[in-house]
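Report on the following structure.
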Protein chains: 2
Amino acid sequence: MARKRFDDSTCSVARALNEVGDWWSLLIVLHAMHGTRRFVDFQQELGIARNILCDRLARLVDNEVLKKVDVGEHGSRFEYRLTEKGRDLFPIVIALRQWGDKWNPAPDQAPLDLRDRETGRTILPVDVRDADGKPLTVRDVFVPGDDIGQLNPSDSKKQTG
Amino acid sequence: MARKRFDDSTCSVARALNEVGDWWSLLIVLHAMHGTRRFVDFQQELGIARNILCDRLARLVDNEVLKKVDVGEHGSRFEYRLTEKGRDLFPIVIALRQWGDKWNPAPDQAPLDLRDRETGRTILPVDVRDADGKPLTVRDVFVPGDDIGQLNPSDSKKQTG
DNA sequence: GAATCTGGTTTTAAAATGCAACCCTATTCT
DNA sequence: AGAATAGGGTTGCATTTTAAAACCAGATTC
């Protein structure tokens, strides 16, 4: 059957995953962040099937993560460019990269070394931080008045998180 | 056909997504972070089909994001608990939440207010930061010697990012 | 000892995925 | 000019995945 949709979930994590929670979307966004803009380039770099790429690009455009720009005088060349919403996925992509590097390191390859353009220095691990910038783990945080009910609506048959 | 696997990709983002890049896994991890541990509780809170939940829990256990613990004297009660690897997904989950809150706010609901247990103060937005803690956008970073080749292996038909 | 809870497995139908083949519109080569 | 090629898709088909509901078996509770 069709996968469940989370678009009307009360949980913002579910709503976020509804837009970029599949196997390909964040990889497309990642490549866009590294400068890829053309259909064929995404296709060859990712090794994704053309119809799936079509579908994913259309969904990302629908969700305003990418915008499709007509370049070329007679309208048969396009570019897919990140929107601000798309660029805002940067911390998520980097956090995923760091998690992958930490827990599933590639056998023969050093992790990608991302640096600040201005200072040339390596970026920090992405972390949840308190107001003073101190890194926090999941155990260090709470939700005022939390009863998990806020994450788990009473209509448990239909809601998602 | 079967979905492509990214487990042997040279890209750590692809390897990360191979483990938690589907629609459900991060929602399961999210609920685990809020204290859910039992099969039935995940099932009811998420509204996920039982067979899919089984499959996802097994995959998460295989990938050491969760561990399955036998509680109950005669071995018919289990708990699924986060491992350190699983807890390390915290920044990703929170970044997704913040992205969802920012770009797809729920019409009638305030975003979840996560606070530091110690100080009681609200957490900061998750960001990529330079060595001094200054937030960086995707445009502020570079990869030394970057030619995107590092993300896009030459064997472009089979690699993924 | 019957009902219920827990943690699943099985069956079935509808989608989603991947691949290859095809298509149409430019643009480039000869 | 005509042929070949690049860009950006769409279509058809076989295989997997997904969702939902039914079923099941070992503990626990009534």
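Because only heavy atoms are used, hydrogens play no part in the values below, and waters and symmetry mates are left out as well, while side chains stay in. Here is the naming used below: chain letters follow the sequence lines, and residue numbers restart at 1 for every chain.
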Exercise. Return yes if a side-chain donor-acceptor contact under 3.5 Å exists between A:E45 and A:T36, otherwise no.
Key: yes
Quiz item: Are B:R3 and B:N18 linked by a side-chain donor-acceptor pair shorter than 3.5 Å?
Solution: yes
Among [options], which nucleotide sits nearest the side chain of [X]?
{"X": "A:C54", "options": "D:dT10, C:dG18, C:dA15", "result": "D:dT10"}
{"X": "B:K4", "options": "D:dA19, D:dT28, C:dC19", "result": "C:dC19"}
{"X": "B:F39", "options": "C:dG7, C:dA15, D:dA19", "result": "C:dG7"}
{"X": "B:R5", "options": "D:dT17, D:dG8, D:dA19", "result": "D:dT17"}
{"X": "B:A49", "options": "D:dA20, C:dT6, C:dA21", "result": "D:dA20"}
{"X": "B:R77", "options": "C:dG18, C:dA16, D:dT28", "result": "D:dT28"}
{"X": "A:V40", "options": "D:dG8, C:dG18, C:dT10", "result": "D:dG8"}

Self-check item: Length of the CG-P vector between A:L53 and C:dC19, whole Å
Solution: 13 Å
Practice problem: Verify salt bridge (Lys or Arg N to Asp or Glu O under 4.0 Å) between A:E118 and B:K134, making sure each step is shown before the conclusion. | Solution: CA-CA 11 Å; A:E118 258 184 51; B:K134 181 189 62 176; 3.7 Å; yes
Exercise. Determine: side-chain N/O of A:W23 to OP1/OP2 of D:dT17, distance under 4.0 Å, yes or no.
Key: no
Exercise. Look at the side-chain N and O atoms of B:R50 and state whether any lies under 4.0 Å from the OP1 or OP2 oxygen of C:dT9.
Key: no
Quiz item: Does A:F90 have its ring centroid less than 6.0 Å away from the ring centroid of B:W99?
Solution: no
Quiz item: Touch check for A:D55, heavy atoms < 4.0 angstrom, all strands: base, sugar-phosphate only, or nothing?
Solution: nothing
Exercise. Identify whether any heavy atom of A:Y80 sits under 4.0 Å from a base atom; if not, whether one sits that close to sugar-phosphate; answer base, sugar-phosphate or nothing.
Key: sugar-phosphate
Quiz item: Does B:L57 or A:R3 map to a spot on DNA chain C nearer the 5' end, using the closest nucleotide for each?
Solution: B:L57
